[in-house]
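Reading through the structure tokens given below for one structure.
Values reported hereafter were calculated over all heavy atoms of this structure, with side chains retained and with hydrogens, waters and symmetry mates removed.
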Amino acid sequence: ERACATKFSIYYEHSSIMNIVQKTRAIFRKLEHCSEDRREDDLMSVELILATSSITLALVFYTIGVFKERKAGILRLNHVLFFWTGLVFDVTGTTIMTSIAQSSAAAAAAGDFGIHGLTGLLAIVLMLIHASWATITYLRHNKHGQEVFHKFSTFVWLVWLIPYII
């Protein structure tokens, strides 16, 4: 009886994967017959999903790093790694978002950087300074620096939230 259940489970998992593959192929076949404009819209949707996912992952990693450091009361290697990972995801998402905005006719005509762009640039610069300073402080084993670093971390995190929210 157990062997039958295992065989059914393997068959079910295989058939589910095959079903997903077949549906994906069907979607791509439909896309082949779409107009060029429709394919560009679909591509932009994928870019938008990647950008928002990257920015959200940046929020997750950066928040974990800041609050784990704050709770620990001292800067540790894992906090530094969370800061750098958050920065990488933020730069990735921002780069994709910038590409989407530049391809938009309205944004290109306006040529306006806007408050979102300015606060976003400030946040990335601060994150780069923050992650670099965290790395240097950690590598130098500066105990006092490691103990008070969370104050700067909290400030940078709050500045970073501004473009995320607006």
Side-chain angles (χ1 to χ4, degrees), residues 20 23-24 27-28 30-31 34-166:
I20 291 169
K23 286 181 180 179
T24 305
I27 290 169
F28 279 112
K30 287 180 184 176
L31 282 176
C34 289
S35 68
E36 188 67 31
D37 291 340
R38 177 68 184 155
R39 276 186 257 164
E40 285 181 21
D41 288 345
D42 290 339
L43 180 59
M44 186 177 292
S45 297
V46 170
E47 286 178 330
L48 189 59
I49 290 168
L50 289 173
T52 55
S53 298
S54 293
I55 299 281
T56 302
L57 285 170
L59 173 68
V60 169
F61 281 103
Y62 216 71
T63 302
I64 289 171
V66 168
F67 286 98
K68 276 184 158 281
E69 176 207 358
R70 194 174 171 87
K71 184 177 180 183
I74 191 163
L75 179 66
R76 295 193 176 119
L77 177 61
N78 64 334
H79 306 137
V80 175
L81 296 175
F82 276 116
F83 299 150
W84 282 108
T85 305
L87 177 63
V88 166
F89 277 114
D90 193 35
V91 169
T92 301
T94 301
T95 302
I96 297 168
M97 287 279 195
T98 302
S99 171
I100 293 170
Q102 288 174 345
S103 68
S104 165
D112 187 16
F113 202 56
I115 189 73
H116 184 78
L118 291 173
T119 57
L121 179 62
L122 175 64
I124 287 177
V125 169
L126 280 174
M127 286 174 75
L128 180 60
I129 292 168
H130 176 252
S132 299
W133 188 12
T135 303
I136 292 167
T137 302
Y138 177 78
L139 292 176
R140 288 187 178 167
H141 302 289
N142 179 342
K143 279 290 189 202
H144 177 69
Q146 288 176 302
E147 291 169 356
V148 297
F149 196 80
H150 68 276
K151 293 176 185 175
F152 183 57
S153 296
T154 304
F155 169 74
V156 172
W157 180 78
L158 286 170
V159 171
W160 186 85
L161 280 180
I162 294 169
Y164 185 82
I165 292 170
I166 60 173

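- Using a 4.5 Å heavy-atom threshold, the side chains of His79 and Arg76 count as touching.
- Contacts of His130 classified as ring-ring contact (aromatic ring centres under 6.0 Å, His included), with partners at least two apart in sequence or in another chain: Tyr62, Phe83, Phe149, Phe152.
- Side-chain contact between Leu48 and Met97: present, with at least one pair of heavy atoms (C-beta onward) separated by less than 4.5 Å.
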Name each donor-acceptor pair under 3.5 Å that joins a side chain in residues 157-166 to protein atoms two or more places apart or in another chain, with its distance.
| unit_1 | atom_1 | unit_2 | atom_2 | d |
| --- | --- | --- | --- | --- |
| Trp157 | NE1 | Thr63 | OG1 | 2.9 |
| Trp160 | NE1 | Asp90 | OD2 | 2.9 |

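- Partners of Val91 according to the side-chain contact (heavy atoms from CB on, under 4.5 Å) rule, which considers only residues two or more places apart in sequence or in another chain, are Leu87, Thr95, Ile124.
- Taking every heavy atom of both residues into account, Glu69 and His150 meet most closely at OE2-N, 2.8 Å.
- Of the listed residues (Trp84, Phe89, Phe67), just one forms a ring pair (Phe, Tyr, Trp, His ring centres under 6.0 Å) with Phe61, and that residue is Phe89.
- Counting only heavy atoms from C-beta outward, the side chains of Leu122 and Leu118 never approach each other to under 4.5 Å.
- For Thr154, the side chain to side chain donor-acceptor pair (under 3.5 Å) partners two or more places apart in sequence, or in a different chain, are Arg70.
- Once rounded to the nearest 0.5 Å, the distance linking CD1 of Ile55 with CG of Leu50 reads 11.5 Å.
- Checked against ring-ring contact (aromatic ring centres under 6.0 Å, His included), Phe155 has no partners two or more places apart in sequence or in another chain.
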Please report, to 0.1 Å, the donor-acceptor pairs under 3.5 Å made by any side chain of residues 138-147, with sequence neighbours excluded.
| unit_1 | atom_1 | unit_2 | atom_2 | d |
| --- | --- | --- | --- | --- |
| Asn142 | OD1 | His144 | N | 3.3 |
| Asn142 | OD1 | Gly145 | N | 2.8 |
| Gln146 | NE2 | Leu75 | O | 3.2 |

